[in-house]
Amino acid sequence: MAKRALILGATGLVGGHLLRQALDRPDYGEVRALVRHDLTEDHPKLRQVNVDFDRLWEWGDEFQAEHVFCCLGTTRAKAGTRAGFERVDYGYVHRAAQLSAQHCAEHFVWISAVGANPLALFFYPRVKGRLEAEIGDLGLKRWTVVRPSLLLGKRPEIRLGEVLAAPAMQLLRPVMVGPWRKYRAIRAEAVAAAMVAAANGEPMASGLDYRTGGPYRAMA
Ligand SMILES: NC(=O)c1ccc[n+]([C@@H]2O[C@H](COP(=O)([O-])OP(=O)(O)OC[C@H]3O[C@@H](n4cnc5c(N)ncnc54)[C@H](OP(=O)(O)O)[C@@H]3O)[C@@H](O)[C@H]2O)c1
């Protein structure tokens, strides 16, 4: 039977790749995207649903899908405040995971970040780590979290931090081996492909850090 994919964040860098990859797969009969801005894509399998992410529970029925992919996220600069960042990167993703659990999604797949840790000194990895810890306890049938390092890809806007970090990461790439491999910059489409592969039980991009399945355990 054809599966249904639900994507949150399909207007973003990783989410956009994931949307196109899911639409290209014959095993998805419907690809649903929850958005706050209209998508540019048009496809017979695509169903766009405009939502208010602050009231996501009102669209709970949309979570009746085999695979739910969450690629939501903002930056501290875009959000304006720490609370604004947490509202999206923690609150919206947590709510999406809750709704996926309630509607018995087969697999919930989301993006965190390398080094995520609820005990981290810095704010960003701490928020991501807290979310990882809590999603593991929501009773999802199956979950996978991918934890990329710097994302590479074309964005409509310039993010100075990413522009400056990319060449430095390229220089360091040869020494990022063994346990350091997960810190290599990675193309956004490779992350999207790994997420789709994870949901479908296929091999994922090597080098990408991820966790899957059972209850969350603190990272070493
Ligand atoms: N950038 C990196 O190098 C990096 C590294 C590791 C992990 N990550 C994580 O990877 C994830 C995806 O990153 P990305 O670069 O693909 O993200 P992105 O291009 O910034 O896209 C983010 C998505 O989230 C949505 N979104 C943002 N704020 C929202 C809000 N207030 N309400 C509703 N939707 C909102 C955006 O929708 P609109 O189009 O409507 O704004 C967009 O669809 C994020 O969680 C990020 O933290 C990023």
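Counting convention: from 1, in listed order, for ligands and their atoms alike.
Which parts of ligand 1 touch Leu150 is read off a 4.0 Å heavy-atom cut-off, strictly below it: atoms 3 (O). Applying the 4.0 Å criterion to heavy atoms of Lys128 picks out, from ligand 1, the atoms 44 (C), 45 (O), 46 (C), 47 (O). Interface of Asp89 with ligand 1, defined as ligand atoms under 4.0 Å from a residue heavy atom, comprises 45 (O), 47 (O). Heavy-atom contacts of Glu162 reach the following atoms of ligand 1: 1 (N), 2 (C), 3 (O) (cutoff under 4.0 Å). Interface of His37 with ligand 1, defined as ligand atoms under 4.0 Å from a residue heavy atom, comprises 38 (P), 39 (O), 40 (O). Of all atoms in ligand 1, numbered sequentially from 1 with element shown, those under 4.0 Å from a heavy atom of Leu72 are 24 (O), 25 (C), 34 (N), 44 (C), 45 (O). Near Phe53, meaning under 4.0 Å from any of its heavy atoms, are these atoms of ligand 1: 33 (C). Remark: ligand 1 atoms within the under-4.0 Å shell around heavy atoms of Val14 are 16 (O).
The cationic atom of Arg82 (NZ for Lys, CZ for Arg) lies less than 6.0 Å from the six-membered ring centre of Phe123 and within 45° of the ring axis. For the pair Arg130 and Tyr90, the cation-pi criterion (under 6.0 Å, within 45° of the ring axis) is fulfilled.
Here the side chain of Arg155 pairs no donor or acceptor atom with the backbone of Leu13 at under 3.5 angstrom.
Looking at Leu151 next to ligand 1, an N or O pair under 3.5 Å apart turns up. Looking at ligand 1, you'll find an N or O of Gly12 within less than 3.5 Å of one of its N or O atoms.
Selection from Ala33, Cys70, Gly73, Gly9 by nearest heavy atom to atom 26 (N) of ligand 1 gives Gly73.
Of the protein's non-hydrogen atoms, the one nearest atom 20 (O) of ligand 1 is Arg159 NH2, 2.8 Å. Remark: minimum distance from atom 5 (C) of ligand 1 to any protein heavy atom is reached at Ser149 O, 3.2 Å. Looking at atom 10 (O) of ligand 1, its nearest protein heavy atom turns out to be Ile111 CG2, 3.3 Å. Regarding atom 19 (O) of ligand 1, its nearest protein heavy-atom neighbour is Leu13 N, 2.8 Å. Atom 15 (O) of ligand 1 has its closest protein heavy atom at Arg155 NH2, 2.5 Å. Given atom 28 (N) of ligand 1, the protein heavy atom at minimum distance is Arg36 NH2, 3.6 Å. Protein heavy atom nearest atom 43 (O) of ligand 1, with residue, atom name and distance: Thr11 OG1, 2.6 Å. Among protein heavy atoms, the minimum distance from atom 32 (N) of ligand 1 is reached at Tyr92 CE1, 3.4 Å.
Between atom CG of residue Asp89 and atom CG of residue Leu131 there is a gap of 8.5 Å, rounded to the nearest 0.5 Å.
Under 4.0 Å is where a charged nitrogen must lie from a carboxylate oxygen, and between Glu106 and Lys3 no such pair does. Between Glu86 and Lys128, no side-chain nitrogen of the basic residue sits less than 4.0 Å from a carboxylate oxygen of the acidic one, so the salt-bridge criterion is not met. Here Glu132 does not pair with Arg211 in a salt bridge; the nearest charged N to carboxylate O distance is not below 4.0 Å. Ion pairing between a basic and an acidic side chain is recognised when a charged N comes within 4.0 Å of a carboxylate O; Glu30 and Arg32 show such pairing. A salt bridge does not link Lys154 with Glu189: every distance from a Lys NZ or Arg NE/NH1/NH2 to an Asp or Glu carboxylate oxygen is 4.0 Å or more.
Between the side chains of Tyr183 and Asp209, no donor N or O sits under 3.5 Å from an acceptor N or O. Between the side chains of Glu66 and Tyr28, no donor-acceptor pair of N or O atoms lies under 3.5 Å.
For the pair Arg147 and ligand 1, no heavy-atom separation below 4.0 Å is found. For the pair Ser112 and ligand 1, a heavy-atom separation below 4.0 Å is found. Note on ligand 1: Tyr124 sits in its first shell, one or more heavy atoms being nearer than 4.0 Å. Within the 4.0 Å heavy-atom shell around ligand 1 one does not find Ala188.
Looking at Ala79 against ligand 1, nothing comes within 4.0 Å, counting heavy atoms. Of the heavy atoms in Val93, none comes closer than 4.0 Å to ligand 1.
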